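Everything below concerns the one structure shown next.
Protein chains get the first letters and strands the later ones, always in sequence-line order, with residue 1 at the start of each. All heavy atoms count here, side chains included; hydrogens, waters and symmetry mates do not. Worth saying up front: this structure is predicted, and the values here are computed from it rather than measured.
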There are 2 protein chains.
Amino acid sequence: MSPPQVHIVVGLSAVIVAVRGETPVVLTLSRPLEVPAAGEALGLAAVPSAVGADGWAEHPGAAERDAIPFGPLDPVGDRTLELGLRRWVREQTRLQPGYLEQLYTFADRERSRVGSARVISVAYLALTREEEVSGAGEPRWVPWYEYFPWEDWRGGRPSVLDRHIRPALEHWAAGGSDPAVSRTRHSRAAVAFGWGSAPWDPNRVLDRYELLYEAGLVTEAWDDQPNPQPPQAASATGRPMALDHRRILATAMERLRGKLSYRPVVFELLPVAFTLLRLQRVVEALAGDVLHKQNFRRLVVTGGLVEATGAVETNTGGRPAELFAFRREVLLERPAPGLGLPRRKFPAGQ
Amino acid sequence: MSPPQVHIVVGLSAVIVAVRGETPVVLTLSRPLEVPAAGEALGLAAVPSAVGADGWAEHPGAAERDAIPFGPLDPVGDRTLELGLRRWVREQTRLQPGYLEQLYTFADRERSRVGSARVISVAYLALTREEEVSGAGEPRWVPWYEYFPWEDWRGGRPSVLDRHIRPALEHWAAGGSDPAVSRTRHSRAAVAFGWGSAPWDPNRVLDRYELLYEAGLVTEAWDDQPNPQPPQAASATGRPMALDHRRILATAMERLRGKLSYRPVVFELLPVAFTLLRLQRVVEALAGDVLHKQNFRRLVVTGGLVEATGAVETNTGGRPAELFAFRREVLLERPAPGLGLPRRKFPAGQ
DNA sequence: CGGCCTTGTACTCAACATGAGCATAGCCAT
DNA sequence: ATGGCTATGCTCATGTTGAGTACAAGGCCG
């Protein structure tokens with residue numbers, strides 16, 4: 001049968017996000033499922049196992065890296081990609097995420113090889129309330145800012161930006177093969193990280209990660225290098241993940257941050273009733289920035305996004321807070337109902 | 001080698017958009033390339049040909065339907081999906097689109113079968129200036145509103161909405177198997193089409209199309225039915241396309257409309273120098289709505305998106321118009337530079 | 001019990017953005 | 001020059017947004 005052929009694996013992967021208190025967490029497997037290697041049948045249930053010779057452990061360190069839930073599409077049984085993904089997630093984590101949205105399809109030859117097969121991985125974003133997870137693969141919830149320390153501005157501008165990232169990126173930019181390349185690199189870095197006149201844009205998570213990758217400042221960038229050079233400052237640029245999973249996570253964060261402002265997605269992460277401060281904290285956690293309390297309340301209440309339930313929560317540490325619930329009718333009233341994020345321009349305060 | 005296996009085709013398809021005068025146009029092939037059928041080698045050059053027994057002509061009418069450019073990924077040669085797509089587009093249309101963005105990955109078992117293979121199609125959006133196209137497959141530019149007549153509100157609310165779509169959709173909603181289903185359907189239709197208190201949202205192109213599909217009001221919905229029932233009002237719901245290509249086009253329109261307001265993408269569709277009216281007309285064409293001229297100018301000029309070139313265009317039919325150009329520096333200044341679309345709330349006017 | 005700390009909630013204000021329309025400028029054809 | 005046309009400048013009312021002040025209502029502690 002025809003020329004020597006490279007096997008294609010259509011994989012489905014899920015970034016499953018929840019919020020624990022004020023921390024966004026992602027579901028990761030420290031012991032991922034083995035993926036069928038070239039020549040094996042596709043779309044049959046994969047068997048959990050230690051990492052084998054031809055599985056994930058292709059490049060150094062991969063075995064110990066966190067991975068997101070992943071499984072191949074069953075071309076016969078799975079009617080749609082989304083159904084296939086739900087199946088996998090259920091099997092691997094016993095979670096039934098309510099909200100599920102396709103993110104992006106990754107297929108770079110060099111960045112997501114598994115064994116010798118070419119991997120096409122379709123990534124999804126799932127939102128859920130935090131729950132106990134269990135199952136093969138040792139699932140656990142990891143705070144997403146462990147992977148992206150520079151994305152959390154709630155405590156002010158993260159120091160790693162100026163202490164490590166900026167000098168390293170500038171060094172990289174300056175080292176461009178010719179002046180034009182250097183200029184492009186500088187400008188890209190400025191836009192992505194908000195240097196010079198450019199402002200920091202909380203979205204653009206992916207731009208930033210990709211820049212760090214290109215500049216060799218994240219561990220993953222060295223995975224497939226012939227001489228696995230030790231990334232010097234890489235320890236400052238967050239915890240690495242398996243394959244290109246950190247890139248997928250960056251995509252998820254970017255999408256979620258963007259969507260916050262025009263779709264009522266936060267409520268997927270909250271219980272039915274919540275105080276306004278809780279809602280605000282969750283939004284802040286995701287956006288990685290601090291908001292103005294009174295204006296947030298105004299936005300959300302007079303904007304018709306929530307409605308009072310009448311009940312109150314008393315253990316607030318101060319005056320009891322009213323409990324609110326998402327107001328579904330808003331979908332019928334406004335074209336793009338979300339939280340336009342009442343930024344806070346200056347230092348701190350209430 | 002393992003159980004009876006279904007072949008997977010990873011296809012790359014492109015919605016290539018340009019604007020001719022005040023009409024957005026999409027590149028379609030009236031005689032699409034044949035796709036390798038089950039059992040054949042993947043990723044080798046497909047050969048243009050009349051539609052064969054196991055190719056596109058699976059369901060009635062498919063042969064005569066417009067299709068968008070499409071080609072399989074070469075798992076060995078194509079380093080990335082984007083590069084693979086560029087290769088296909090070049091070969092099939094001789095175009096070299098500048099802007100290219102991944103849209104979505106479609107893989108519904110029932111909606112995109114080719115022969116017996118399972119098709120995973122990764123769709124891209126490409127923006128370009130209109131050019132002569134040629135090549136196998138007889139490429140030509142087709143106004144996109146021919147496929148979506150209800151999306152063009154420039155001449156006021158399209159009459160097909162009230163004359164055909166609304167009654168038909170309401171009939172469909174009312175016919176739900178149980179009251180809960182009926183209620184859901186009504187509400188979905190109201191949100192998507194802006195009935196009742198809900199406003200018309202120019203984005204949501206995909207929601208609308210999918211609703212029409214589910215309700216059996218577009219021709220494609222009947223393609224795979226065992227008894228190909230003649231869709232009655234389907235002629236009012238726009239020109240059909242092959243397979244699920246119209247859905248892909250809807251996705252592209254939605255994405256493009258959305259992106260207009262926060263990324264300077266329009267300029268990909270315009271020559272380097274243009275009058276403000278031309279810019280406005282192009283935006284209007286894409287958004288499917290009419291804008292307020294003076295405010296549009298204010299937005300775009302004081303917003304720093306364009307800069308005067310000094311040159312003027314004289315054949316305007318009135319006072320000569322200054323020629324403007326996109327001002328790249330805006331990328332360094334604002335987080336989300338785009339055209340926040342100065343709507344016009346009332347009838348017509350200047 | 002009363003002060004004080006804490007968080008919740010109401011309201012005000014200035015700055016800015018947005019929708020709408022009037023008025024004037026400058027070309028062409030008659 | 002006059003009228004028709006599009007271009008462009010400017011005003012105005014209203015809405016939205018960032019920021020802050022003030023007061024409410026619990027718990028805790030002396």
Side-chain angles (χ1 to χ4, degrees), chain A residues 22 199 261-262 273-281 283-284 287 289-324 333-350, chain B residues 21-22 199 261-262 273-281 283-284 287 289-324 334-350:
Chain A
E22 310 192 351
S261 50
Y262 67 96
F274 43 82
T275 68
L276 291 187
L277 185 59
R278 178 101 176 79
L279 172 61
Q280 181 181 343
R281 292 289 181 241
V283 173
E284 289 176 334
D289 205 352
V290 169
L291 307 177
H292 184 284
K293 190 165 167 180
Q294 297 90 324
N295 290 345
F296 181 80
R297 155 182 298 267
R298 172 176 65 188
L299 192 72
V300 105
V301 174
T302 73
L305 263 163
V306 298
E307 59 194 350
T309 61
V312 290
E313 182 168 295
T314 49
N315 60 346
T316 57
R319 171 175 169 176
E322 185 150 23
L323 285 166
F324 288 78
E333 299 162 0
R334 290 186 8 209
L339 328 162
L341 304 202
R343 287 261 138 59
R344 160 202 303 281
K345 299 222 153 149
F346 255 41
Q350 19 180 352
Chain B
E22 309 191 351
S261 50
Y262 67 96
F274 45 81
T275 68
L276 292 186
L277 187 58
R278 179 101 177 79
L279 173 61
Q280 181 181 342
R281 292 289 180 239
V283 173
E284 290 175 334
D289 205 351
V290 169
L291 308 176
H292 184 285
K293 190 164 167 180
Q294 296 92 324
N295 290 346
F296 180 79
R297 154 182 299 268
R298 173 176 64 188
L299 192 72
V300 108
V301 174
T302 72
L305 263 165
V306 298
E307 60 195 348
T309 61
V312 290
E313 182 167 294
T314 49
N315 60 346
T316 57
R319 170 174 170 178
E322 185 150 22
L323 285 165
F324 287 78
R334 291 189 4 212
L339 328 162
L341 305 205
R343 287 262 138 58
R344 160 202 304 281
K345 300 221 155 153
F346 256 41
Q350 22 177 348

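- Residue contacts shown for Leu277(B) are limited to sugar-phosphate atoms, with no base heavy atom under 4.0 Å away.
- Protein atom CZ of Arg298(A) is 14 Å distant from nucleotide atom P of dC13(C), rounded to whole Å.
- Across dT17(D), dA19(D), dA20(C), the shortest atom-to-atom separation from the side chain of Leu299(A) is found for dT17(D).
- Take Glu333(A) and apply the side chain to side chain donor-acceptor pair (under 3.5 Å) test, not counting sequence neighbours, and it matches Arg327(A).
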With side chain to side chain contact (heavy atoms under 4.5 Å, CB included) as the test, would you mind laying out the steps for Val300(B) and Phe324(B) before giving the verdict?
-> CA-CA 10 Å; Val300(B) 108; Phe324(B) 287 78; over 6 Å; no
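- To the nearest angstrom, P of dG18(D) lies 13 Å from CD of Gln280(A).
- A donor-acceptor pair is defined here as one N or O able to donate and one able to accept, closer than 3.5 Å; no such pair exists between the side chain of Arg334(A) and the backbone of Leu305(A).
- Note on the helix from dC1(C)-dG30(D) to dT30(C)-dA1(D): terminal axis deviation equals 10°, with five pairs used at each end and the result rounded to 10°.
- Distance CG (Leu291(A)) to C1' (dA19(D)): 14 Å, rounded to an integer number of Å.
- Glu22(B) meets the salt bridge (charged side-chain N to carboxylate O under 4.0 Å, His left out) test with Arg281(B); sequence neighbours excluded.
- Scanning all heavy atoms of the two residues, the minimum distance from Gln280(A) to Leu291(A) falls at NE2-O, 3.3 Å.
- When rounded to the nearest whole Å, the span between CD of Gln294(A) and P of dC13(C) equals 16 Å.
- If you measure from atom CG of Leu276(B) to atom P of dG9(D), you get 9 Å, rounded to the nearest angstrom.
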Derivation of the side chain to side chain contact (heavy atoms under 4.5 Å, CB included) call for Val312(A) and Leu323(A) = CA-CA 5 Å; Val312(A) 290; Leu323(A) 285 166; 5.8 Å; no
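- Close to dG8(C), at under 4.0 Å from its OP1 or OP2, lies no side-chain N or O of Arg297(A).
- Using a 4.0 Å cut-off on heavy atoms, the residues of residues 315-322 of chain A that approach DNA chain D are Gly318(A), Arg319(A), Pro320(A), listed by number.
- The side chain of Lys293(A) contributes no N or O atom lying less than 4.0 Å from OP1 or OP2 of dT7(C).
- With sequence neighbours excluded, no residue satisfies side chain to side chain contact (heavy atoms under 4.5 Å, CB included) with Arg319(A).
- As rounded to whole Å, 9 Å separates atom C1' of dG20(D) from atom CG of Asn295(A).
- dG8(C) atom P lies 11 Å from atom CZ of Phe324(A), rounded to whole Å.
- The nearest whole Å value for the distance from the CD atom in Glu313(B) to the P atom in dA7(D) is 9 Å.
- Not counting sequence neighbours, Glu313(A) has no partner by the salt bridge (charged side-chain N to carboxylate O under 4.0 Å, His left out) test.
- When side chains are defined from C-beta on, Leu276(B) does not count as touching Glu322(B), because their heavy atoms never get closer than 4.5 Å.
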